[in-house]
Amino acid sequence: MSNQIEPEPAGYAQWASWIASDADNETFVFRKFDGLSAVNLLYLQSEMLEIEAELKQMNRDATGSPNMRLLDATRTWESLVEQCKERQTYTNFEEQQAYNDAKKRMQLVLKLRSTVKEYQNALLLQSRISQLPAPNGRVLGALRQMFTEKGFPFIDGKASGYLNEKKDLVALKQPTGDALSNYLRKALAVQTPEADGLPRIGRFDESRITKWVNVITILVAAIFLIGPILALYYAPNLPAKLTLIAVFTAGFAASIALITNARRPEIFAGTATYAAVLVVFISNGDLPST
């Protein structure tokens with residue numbers, strides 16, 4: 001029996017295969033549909049407002065009614081449950097009224113229970129989605145290039161333009177954004193040959209990038225710790241030492257900005273601390289005493 005060659009995937013299967021082929025999962029970029037999410041939240045909010053208004057009205061009616069059973073149902077859960085039980089006959093109008101009101105109230109409470117859960121879950125989910133980062137420009141550019149590499153999009157129809165909605169795209173995994181990591185990703189990217197009908201693309205191993213960044217970070221840390229000690233020790237005079245402090249401090253600030261994700265306040269605080277340590281080092285015996 002001859003071996004049958006399995007046909008290559010096409011359409012959604014092929015595009016999904018290419019997305020999943022990225023070991024770092026950076027290609028998991030999708031629409032978040034902020035507009036539709038806002039519409040959904042507004043409708044849920046309106047439904048909650050309707051339930052709130054209806055419940056308030058029922059409470060006002062019960063408070064102003066001479067039928068004490070209605071008031072009792074607003075104060076005691078057991079009374080509400082008991083009044084919801086349908087009877088074959090009712091001895092008077094108040095008993096019938098209590099049953100109708102309790103039944104309506106219970107249905108409203110159950111509706112509230114499910115609606116508020118749906119509404120709050122939607123709020124929490126939207127809050128988490130809003131914190132997802134936008135796709136990296138490098139990743140988005142590669143996705144757009146690959147999506148139409150064959151001269152036509154992998155998937156057609158309304159979904160064919162989903163990568164063009166830049167403001168509505170989210171990345172499920174965001175790579176480290178420091179300048180050194182981004183440079184190494186470009187420098188160490190390797191072009192992979194075509195396979196299974198998929199186009200060529202430059203790929204890199206994120207774990208390898210992390211190792212290189214760690215090695216460089218250790219070397220830079222050693223330079224800015226050992227270097228100033230040796231340089232200041234052999235500096236001939238105070239002006240030379242102050243110049244060295246300025247140079248090492250500026251280099252330290254630049255290294256933090258390039259190889260870490262530190263924010264501006266953190267860079268400023270770290271640099272100030274570093275400069276203070278160097279000043280203390282030379283003040284122990286080199287600055288004139290007062």
Peer 1: Please give me the minimum heavy-atom distance between Trp18 and Met146, naming the atom from each residue.
Peer 2: CZ2-CG, 3.3 Å

Peer 1: Find out whether Leu132 and Leu172 are in side-chain contact, i.e. whether some heavy atom of one side chain is under 4.5 Å from a heavy atom of the other.
Peer 2: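 Leu132 reaches Leu172 side chain to side chain.
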
Peer 1: Taking Thr115 for its side chain and Leu112 for its backbone only, find out whether a donor-acceptor pair lies under 3.5 Å.
Peer 2: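 No; judged by distance alone, with no hydrogens or angles, the pair does not exist.
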
Peer 1: Check whether any side-chain N or O of Thr27 sits under 3.5 Å from a backbone N or O of Ile19 as a donor-acceptor pair, and report yes or no.
Peer 2: yes

Peer 1: Return the minimal non-hydrogen interatomic distance between Glu26 and Val139, and the atom names on each side.
Peer 2: O-CG1, 3.2 Å

Peer 1: According to a hydrophobic-cluster definition based on side-chain heavy atoms being under 4.5 Å apart (Ile, Leu, Val, Met, Phe, Trp, Tyr only), do Val213 and Ile256 belong together?
Peer 2: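 Yes, it is one cluster - the side chains of Val213 and Ile256 are joined through contacts under 4.5 Å.
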
Peer 1: Do any N or O atoms from the side chain of Thr260 and from the backbone of Ala257 form a donor-acceptor pair under 3.5 angstrom?
Peer 2: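 It does not hold such a pair.
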
Peer 1: Which residue pairs satisfy the side-chain hydrogen bond (donor to acceptor under 3.5 Å, both in side chains) criterion with at least one member in residues 154-166, sequence neighbours excluded?
Peer 2: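 Qualifying pairs: Trp15-Tyr162.
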
Peer 1: In residues 54-66, what donor-acceptor pairs under 3.5 Å come from side-chain atoms, sequence neighbours left out?
Peer 2:
unit_1	atom_1	unit_2	atom_2	d
Gln57	OE1	Arg60	NH2	2.7
Gln57	NE2	Asp61	OD1	2.9
Asn59	OD1	Arg105	NH1	2.8
Asn59	ND2	Leu55	O	3.2
Thr63	OG1	Asn59	O	2.8
Ser65	OG	Asn67	N	3.1

Peer 1: Indicate, with yes or no, if Phe268 and Val279 share a hydrophobic cluster defined by side-chain heavy-atom contacts under 4.5 Å among Ile, Leu, Val, Met, Phe, Trp and Tyr.
Peer 2: no

Peer 1: Using the side chain to side chain contact (heavy atoms under 4.5 Å, CB included) rule, take Ile155 and Gln14 through it: C-alpha gap first, then chi angles, then the decisive distance, then the call.
Peer 2: CA-CA 9 Å; Ile155 52 179; Gln14 188 177 19; over 6 Å; no

Peer 1: With a 3.5 Å cut-off and sequence neighbours excluded, list the donor-acceptor pairs that the side chains of residues 29-36 form with protein atoms.
Peer 2:
unit_1	atom_1	unit_2	atom_2	d
Arg31	NE	Asp168	OD2	2.6
Arg31	NH2	Asp168	OD2	3.1
Lys32	NZ	Asp34	OD2	3.3
Asp34	OD1	Gln126	NE2	3.3

Peer 1: Any idea how Tyr274 and Phe252 line up, ring-wise: parallel (<30°), tilted (30 to 60°), or perpendicular (>60°)?
Peer 2: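 Parallel, since the angle between the ring planes stays under 30°.
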
Peer 1: Other residues, nucleotides and ligands only: do more than 12 of their heavy atoms fall within 6.0 Å of CD on Glu118?
Peer 2: no

Peer 1: Measure across Ala102 and Cys84 and return the closest heavy-atom pair with its distance rounded to 0.1 Å.
Peer 2: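 Between these two residues, the closest heavy atoms are O-SG, 3.2 Å.
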
Peer 1: Looking at Ala246, is its backbone amide N or carbonyl O close enough to the side chain of Thr249 to form a donor-acceptor pair, meaning the two atoms are under 3.5 Å apart?
Peer 2: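 Side chain of Thr249 to backbone of Ala246, a donor-acceptor pair under 3.5 Å: no, none is there.
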
Peer 1: Would you say Phe224 and Val247 are hydrophobically clustered, going by side-chain heavy atoms of ILVMFWY under 4.5 Å?
Peer 2: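 No.
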
Peer 1: Find the distance between OG (Ser130) and CG (Leu125) and round it off to the nearest 0.5 Å.
Peer 2: 9.5 Å

Peer 1: Tell me, do Leu278 and Leu232 make a side-chain contact under 4.5 Å, heavy atoms counted?
Peer 2: yes

Peer 1: So, does Asp72 use its side chain to make a donor-acceptor pair with the main chain of Met68 at under 3.5 Å?
Peer 2: no

Peer 1: Using a 6.0 Å cut-off, check whether atom CG of Leu49 has over 12 heavy atoms from anything other than its own residue.
Peer 2: yes

Peer 1: Write down the atom of Gln83, the atom of Tyr99, and the distance for their closest heavy-atom approach.
Peer 2: O-CD1, 3.3 Å

Peer 1: To the nearest 0.5 Å, what is the distance between CD1 (Ile259) and CG (Leu219)?
Peer 2: 10.0 Å

Peer 1: Is it true that Leu44 and Leu123 fall in one hydrophobic cluster, defined by side-chain heavy atoms closer than 4.5 Å?
Peer 2: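 The answer is yes; both residues are in one hydrophobic cluster.
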
Peer 1: State yes or no: do Tyr12 and Leu163 share one hydrophobic cluster built from I, L, V, M, F, W and Y residues joined by side-chain heavy-atom distances below 4.5 Å, directly or via other members?
Peer 2: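 Looking at the clustering, Leu163 is in the same group as Tyr12.
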
Peer 1: Do the side chain of Gln120 and the main chain of Lys117 share a donor and acceptor less than 3.5 angstrom apart?
Peer 2: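 Judged by distance alone, no pair lies under 3.5 Å.
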
Peer 1: With rounding to the nearest 0.5 angstrom, report the CG to OG distance, Leu41 to Ser46.
Peer 2: 10.5 Å

Peer 1: Which value, rounded to the nearest 0.5 Å, describes the distance between Asn100 atom CG and Leu70 atom CG?
Peer 2: 10.0 Å

Peer 1: Are the side chain of Thr271 and the backbone of Ile267 linked by a donor-acceptor contact shorter than 3.5 Å?
Peer 2: yes

Peer 1: Nearest heavy-atom pair of Ala159 and Phe147: which atoms, and what distance?
Peer 2: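 The answer is O-CZ, 4.4 Å.
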
